[in-house]
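Every number for a ligand or one of its atoms is a count from 1 in the order of the listing.
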Amino acid sequence: MDSNSITITDHRTGKQYDIPVEDDNIRAKALKQIKVHPEDFGMMTYDPAFLNTASCRSAITFIDGDKGILRYRGYPIEELAEKCTFLEVAHLLLNGELPPQEDLSAWVTRVKRHTMLHETTKKFLEGFRYNAHPMGMLISTVAALSTVYPDAKHVHDPVIRSRHIVRLIAKMPTICAYCYRHQFGLPYVYPDNDLSYTANFMNMMWKMVEPKYVADPTLARVLDILFILHADHEQNCSTNTMRCIGSALADPYVSVAGAAAALSGPLHGGANEEVLKMLDEIGEKTAIPAYIERVKKGEVKLMGFGHRVYKNYDPRARIIKWAADRVFEVTGHNNRIEMALELERIALSDDYFIERKLYPNVDFYSGIIYQAMGFRPDIFTVLFAIPRVVGWLAQWQEMLLDPEQKIARPRQVYTGEGERHFVPIEERSPAQTVKA
Ligand code: CMC
């Protein structure tokens, strides 16, 4: 018997099965041989919400949720946030290595060359109502780019794939800024390629009549760090969506639009906007204990707390707390941070949160910084999507190059009716009426 295996005894039949262990896991398909009758489908695993199922092998991001560790391509997130630029990290995530200076310069130039949007895309944006939520605008506009670049469907061509990866990374800040300016009827500002990735984004967001917008260097750097922290997070809901859509060989624009739609949910990237709403609802520090009681009764959730993978402090939240101090040195004090710190203090000393290992996640502090920098809450999730597009594309490319991957198609455990036959309408009883 292979020592690197487990033995399963099926007490229904008395049969034993040796299941090989690879990387400390078993392949779900190895269970299919376990049957009572030869015509059975065979044993599956049932795992709603993928609590304990690996859907891929990946070399991009490593998380140890119990220890609070996050690494991109082996590098600790703390080192990357301190020493790199966002585009340097984007290169790392996509290509596996930190680039030497010459390659980095060429990469940055390549991205900058693609920052403009086709003029028809600008017109498309004008069709939205003035109060359209920026995430809806972003999702639709990214999907619409699929019509501008029809060759993007050749997903197995490495040259074409690389071109569209660069286009998406380059155009995300432009789309985001245009969504924002559309809400206020402000003229769109064209990209300025003299500026860094984040300074150019701030220029497109906030330039008014001055001949040259000058972003505060501290704020531009903090935004760059925030983008690094949000760039990838292995198989989360939106990345899984990206891989799933991409597995049908859809083009990267519609795949990213789908991933962004998943991100927009309040349990995922939409949580940063919800944290600010929650702090507003609580109103003042003295109201925090009563709010915590409501959380414990299950009436509301503490937004920005808890994580499927982290059962320890989210390392990104720790860096964001540090970045918040840098921002407040420029923008002046913000009493929301006091509220958030007090909320965290009370929650982390309460048994409800201790027993469930609920800690602040990346979204708890990010919204507070974004707001202090001048971003409106409804754009926060778009600010999450700009850097996350790098992770989505890195994971999408890895999926396409993985010979084991096929179209994603989970199984189900059917719980509905057995076979039954058509009943004419005049013979149906009220109990048979489907309630829509
Ligand atoms: N407030 C109060 N209770 C919570 C919270 C919370 N934020 N999160 C989890 N719990 C409780 C939950 O009710 C459950 O309690 P019980 O065992 O008594 O039923 C227990 O903790 C385990 O939670 P779960 O729902 O099984 O955990 P999950 O892994 O399915 O959900 C989560 C993870 C992030 C969706 C959830 O923690 C949550 O809804 N948090 C608030 C939304 C949020 O901040 N989302 C951002 C996530 S980080 C950024 C990103 O990836 O997008």
Checking contacts now, so for [atom], which I'm interested in, is there any protein heavy atom under 4.0 Å?
atom: atom 27 (O) of ligand 1; value: no
atom: atom 19 (O) of ligand 1; value: no
atom: atom 51 (O) of ligand 1; value: yes
atom: atom 39 (O) of ligand 1; value: yes
atom: atom 32 (C) of ligand 1; value: no
atom: atom 23 (O) of ligand 1; value: no

Can a salt bridge be assigned to the pair [X] and [Y] using a cut-off of 4.0 Å between side-chain N and carboxylate O?
X: Arg27; Y: Glu404; value: yes
X: Asp151; Y: Arg163; value: yes
X: Asp350; Y: Lys296; value: yes
X: Asp10; Y: Lys35; value: no
X: Lys277; Y: Asp280; value: no

Got the closest protein heavy atom to [atom], with its distance?
atom: atom 9 (C) of ligand 1; value: Leu358 CD2, 3.5 Å
atom: atom 34 (C) of ligand 1; value: Gly306 O, 3.7 Å
atom: atom 42 (C) of ligand 1; value: Met303 CE, 3.6 Å
atom: atom 25 (O) of ligand 1; value: Lys301 NZ, 4.5 Å
atom: atom 2 (C) of ligand 1; value: Val295 CG1, 3.5 Å
atom: atom 30 (O) of ligand 1; value: Arg308 NH2, 3.0 Å

Under the 6.0 Å and 45° cation-pi test, does Lys32 pair with Phe41?
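Yes, Lys32 sits over the ring of Phe41.
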Taking distance alone, with no angle check, do Arg316 and ligand 1 share an N/O pair under 3.5 Å?
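Among all N and O atoms of Arg316, none is under 3.5 Å from an N or O of ligand 1.
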Is there a nitrogen or oxygen of Lys311 sitting under 3.5 Å from a nitrogen or oxygen of ligand 1?
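There is no such contact.
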Close-contact set for ligand 1 against [X] heavy atoms, below 4.0 Å:
X: Leu302; value: 1 (N), 2 (C), 6 (C), 7 (N)
X: Asp363; value: 46 (C), 48 (S), 49 (C), 52 (O)
X: Val362; value: 49 (C)
X: Gly304; value: 43 (C), 44 (O)
X: Ala271; value: 43 (C), 44 (O), 45 (N), 46 (C)
X: Leu267; value: 39 (O), 43 (C), 45 (N), 46 (C), 47 (C)

Tell me the contacting part of [X] for ligand 1: side chain, backbone, both, or neither, using a 4.0 Å heavy-atom threshold, strictly below.
X: Leu263; answer: neither
X: Asp314; answer: neither
X: Arg356; answer: side chain
X: His233; answer: neither

Do the side-chain N and O atoms of [X] and [Y] include a donor-acceptor pair separated by under 3.5 angstrom?
X: Glu344; Y: Tyr313; value: yes
X: Gln235; Y: Arg243; value: yes
X: Asp378; Y: Gln183; value: yes

Out of Phe353, Tyr310, Tyr352, Phe305, who is nearest to atom 12 (C) of ligand 1 when you count heavy atoms only?
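Residue with the shortest heavy-atom distance to the ligand atom: Tyr352.
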Within a radius of less than 6.0 Å around NE2 of His154, do more than 12 heavy atoms belonging to other residues, nucleotides or ligands occur?
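Yes, the 6.0 Å shell around NE2 holds more than 12 heavy atoms from other groups.
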Give a yes or no answer on whether the side chain of Asp314 reaches the backbone of Val362 with a donor-acceptor pair at less than 3.5 Å.
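Checked: pair present.
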Sidechain-backbone polar pair: Tyr414 side chain, Glu417 backbone, donor-acceptor under 3.5 Å:
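Answer holds: yes.
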For Tyr370, which of Phe380, Tyr365, Phe384 qualifies under ring pair (Phe, Tyr, Trp, His ring centres under 6.0 Å)?
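So, applying the ring pair (Phe, Tyr, Trp, His ring centres under 6.0 Å) to Tyr370 and each of Phe380, Tyr365, Phe384, only Phe380 qualifies.
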What heavy-atom pair brings Ala259 and Ile245 nearest, and what distance separates the two atoms?
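Here Ala259 and Ile245 meet closest at N-CD1, 4.5 Å.
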Strictly under 4.0 Å, does any heavy atom of Phe364 approach an atom of ligand 1?
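Distance cut 4.0 Å: Phe364 fails for ligand 1.
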Just do the side-chain hydrogen bond (donor to acceptor under 3.5 Å, both in side chains) check on Asn200 and Thr115 with the steps written out, would you?
CA-CA 10 Å; Asn200 173 50; Thr115 46; 5.1 Å; no
